[in-house]
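From a predicted model like this one, the values you see are computed outputs, not experimental measurements.
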Amino acid sequence: METVSSWKSFDGTLSVHEHASAVCQCPMQFAVYTPPQAGPDARVPVIWYLSGLTCNWSNVMEKSGLQRIAARLGVMVIAPDTSPRGAEVPDDEAYDLGQGAGFYLSASQAPWSTHYHMDRYIVEELSELVFDRFPAADRQRQGIMGHSMGGHGALTLHLKHPDVYRSVSALSPITAPMQVPWGEKAFTAYLGDDRSQWAEYDACELVATRASKAQILIDTGDADPFLDEQLRPQLFIDACEAAKQALNYRMQGGYDHSYWFIASVIEDHLEHHCSVLGG
């Protein structure tokens, strides 16, 4: 692992790292905010932040203002990339497929299946790297959150691994990808036509059989231009009610899909995770 950049921020450290990924078969970058409370004899909770379409580690670290809050709460925040990248990695001209649009799944269809394994990358490979190289990261206290496509990733990874990611939240998430254009396009390309495979990456489908003991916090803006076509929050609200999954779904007046919205509510989300994980 190589440290690409490092900056002091609110008495903690924001660092960017690159490593050769065996799972994605290409170099991968990720960012870490280490709070000032971390030390040789002091472990801190870890919150994984999964970004949305077209994004990488930089969006949340540069636009959300999370460092001030994470420093106050004493939590480490890890921001992976959203997909494999590089000249040898398949891509698409559209923004919602290919590089920048990994959808936190393991592709089974060519040409994507060689590199696109973002769920395994995060849960298996990157996790081991982080806990090996950052001794202050507490493996027993992990939470996961994300925005849009990353909200989809956070919800599905939590529901599949509730004992690993003990707390969960999402911002403007795609919660029913099998029923919206973004998800249908990506799942057809990455997974093929077998919808039983799609169900393994759909939060509405997963919560029906794998409801967790956690309370899920979700914020979405009622001025979000993707609300009715791509997000369709009522589908997840209904699925959670049927499964008796604890859910706090807040519809925020006047907010859209942007990082202005994320910056406005991210403090609530980090505090939500700390209420479960400590800090």
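No cation-pi contact links K160 to Y165, judged by a cut-off of 6.0 Å to the six-membered ring centre and 45° from its axis.
Between atom CG of residue L53 and atom CZ of residue F226 there is a gap of 8.5 Å, rounded to the nearest 0.5 Å. Atom CZ of R232 and atom CD1 of I174 lie 13.0 Å apart (nearest 0.5 Å). Taking CE from M1 and OG from S15, the interatomic distance works out to 7.5 Å, rounded to the nearest 0.5 Å. To the nearest 0.5 angstrom, S127 atom OG is 5.0 Å from R139 atom CZ. M145 contributes atom CE, which lies 8.5 Å from atom CG of L66 (distance to the nearest 0.5 angstrom). Here CG of D119 is found 10.5 Å from CD of E200. Values are rounded to the nearest 0.5 Å.
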Apply side-chain contact (heavy atoms from CB on, under 4.5 Å) to V164 and W48, showing your working. CA-CA 11 Å; V164 175; W48 297 83; over 6 Å; no
The test is side-chain contact (heavy atoms from CB on, under 4.5 Å); show your working for Y121 and D81 and say whether it passes. CA-CA 10 Å; Y121 169 70; D81 204 342; over 6 Å; no
Take W7 and Q67, measure what side-chain contact (heavy atoms from CB on, under 4.5 Å) needs, and give me the verdict at the end. CA-CA 11 Å; W7 307 272; Q67 293 87 352; over 6 Å; no
Test log, rule side-chain contact (heavy atoms from CB on, under 4.5 Å), inputs C26 and E88: CA-CA 8 Å; C26 65; E88 303 302 317; over 6 Å; no
Could you go through the side-chain hydrogen bond (donor to acceptor under 3.5 Å, both in side chains) check for S169 and H273 one step at a time? CA-CA 8 Å; S169 71; H273 288 272; 2.9 Å; yes
Could you walk me through whether S21 and E125 pass the side-chain hydrogen bond (donor to acceptor under 3.5 Å, both in side chains) check? CA-CA 8 Å; S21 168; E125 186 177 30; 2.6 Å; yes
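Between F30 and H19, the angle of the ring planes goes over 60°, which puts this pair in the perpendicular group of the 30/60° scheme. Under the 30°/60° scheme for interplanar angles, the aromatic rings of F103 and H152 are found to be tilted.
With salt bridges taken as basic N to acidic carboxylate O contacts below 4.0 Å, none links R210 and E205. Between K8 and D11 a salt bridge is recorded (basic side-chain N to carboxylate O distance below 4.0 Å).
Criterion: ILVMFWY side-chain heavy atoms under 4.5 Å apart, direct or through other members. Under it, I144 and L129 are part of a common hydrophobic cluster. Under the 4.5 Å side-chain heavy-atom criterion for Ile, Leu, Val, Met, Phe, Trp and Tyr, V207 and L217 are members of distinct hydrophobic clusters. Linking Ile, Leu, Val, Met, Phe, Trp and Tyr whenever their side-chain heavy atoms come within less than 4.5 Å leaves V32 and L277 in two separate clusters. Each of Y49 and F131 belongs to its own hydrophobic cluster when Ile, Leu, Val, Met, Phe, Trp and Tyr are linked at side-chain heavy-atom distances under 4.5 angstrom. One hydrophobic cluster, built from ILVMFWY side chains closer than 4.5 Å, cannot hold both L235 and W182; they sit in different ones.
The backbone N or O of G192 lies less than 3.5 Å from a partner atom in the side chain of W198, making a donor-acceptor pair. No donor-acceptor pair under 3.5 Å is formed between the side chain of Q245 and the backbone N or O of A239.
Using a 4.5 Å heavy-atom threshold, the side chains of S9 and Y33 count as touching. Looking at P80 and Y104, their side chains never come closer than 4.5 Å, going by heavy atoms from C-beta outward.
Under the 6.0 Å cut-off for aromatic ring centres, Y190 and Y116 qualify, their centroids lying closer than that. Residues H147 and F261 keep their aromatic ring centres 6.0 Å or farther apart. Taking the centre of each ring, F134 and H17 come in below the 6.0 Å mark.
Residue D193 places its CG atom among 12 or fewer non-hydrogen atoms of other residues, nucleotides or ligands, all under 6.0 Å distant.
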